[in-house]
Amino acid sequence: MNIDESGLHRKLQLSEWEEIHNEAYENSRIYKDKTKAFHDKMILRKEFSIGQKVLLFQSRLRLFPGKLRSRWVGPFIVTNIFPHGAIEIQSLQTSKIFKVNGYRLKPYHDEFRVENVAEVLLEDPVYFE
């Protein structure tokens, strides 16, 4: 056992460990970049226009909100659109105007039209022997 040889061997082990550490760090960065790109690709941008009817997500904490109650309230009318996602809406019932984040809104569809529903008649199955 030579002290100089063991010292060189230990330096070699440390440099190998540092290379493995740097490679793991680089792989982690690549994984995070790919995950962020996938997440950003799945985000749907909401476009609103002035005069459009929207629903507002009610995020207030309630003690007993009810399991099947909807957390969307409204409809409201968009009165102004600000940069960076802020939207000014007006209540139809109280005519109150306030600003909210655009992520808390979704488009409101007025009515369901019966003429758009197609009727499909089902027949009894026919068995061949």
Residues at least two apart in sequence or cross-chain that pass salt bridge (charged side-chain N to carboxylate O under 4.0 Å, His left out) with Arg29, listed by chain then number, are Glu26, Asp33
Side chain to side chain donor-acceptor pair (under 3.5 Å) between Gln13 and His9, worked out: CA-CA 6 Å; Gln13 285 178 338; His9 181 66; 3.2 Å; yes
How about Glu16: does its CD atom have over 12 heavy atoms from other parts shown lying under 6.0 Å from it? yes
Over 12 non-hydrogen atoms of neighbours within 6.0 angstrom of CZ in Phe82: yes
How long is the span from the CD1 atom in Ile77 to the CD1 atom in Ile50, to the nearest 0.5 Å? 12.0 Å
When rounded to the nearest 0.5 angstrom, what distance separates CG in Asn80 from NZ in Lys99? 8.0 Å
Roughly how far apart are Asp4 CG and Leu8 CG, rounded to 0.5 Å? 7.0 Å
Distance in Å, Leu14 CG paired with Arg10 CZ, rounded so as to fall on 0.5 Å steps: 4.5 Å
Closest non-hydrogen atom pair, Leu56 against Phe98: CD2-CE1, 4.1 Å
Residues that Glu88 engages under side-chain hydrogen bond (donor to acceptor under 3.5 Å, both in side chains), provided they are two or more places apart: Thr79
Linking I/L/V/M/F/W/Y whenever their side-chain heavy atoms sit closer than 4.5 Å, directly or via other members, would Val73 and Phe48 fall into one cluster? yes
Ile81 and Val54: same hydrophobic cluster, using ILVMFWY side-chain contacts below 4.5 Å? yes
If hydrophobic clusters are built from ILVMFWY residues whose side chains come within less than 4.5 Å, do Ile89 and Leu55 share one? no
Using distance only, find each side-chain donor-acceptor pair of residues 36-47 under 3.5 Å and give its atom names and separation, not counting sequence neighbours.
unit_1: Lys36; atom_1: NZ; unit_2: Asp40; atom_2: OD2; d: 2.7
unit_1: Lys46; atom_1: NZ; unit_2: Leu105; atom_2: O; d: 2.8

Do Ile87 and Phe57 belong together in a cluster built from hydrophobic side chains that touch within less than 4.5 Å? no
Rounded to the nearest 0.5 Å, what separation is found between the NE2 atom of His109 and the NZ atom of Lys53? 12.5 Å
Atom of Phe76, atom of Ser91 and distance for their closest heavy-atom approach: CD2-CA, 3.4 Å
Quick one: closest heavy-atom pair of Gln52 and Pro107, and the distance? NE2-CB, 3.8 Å
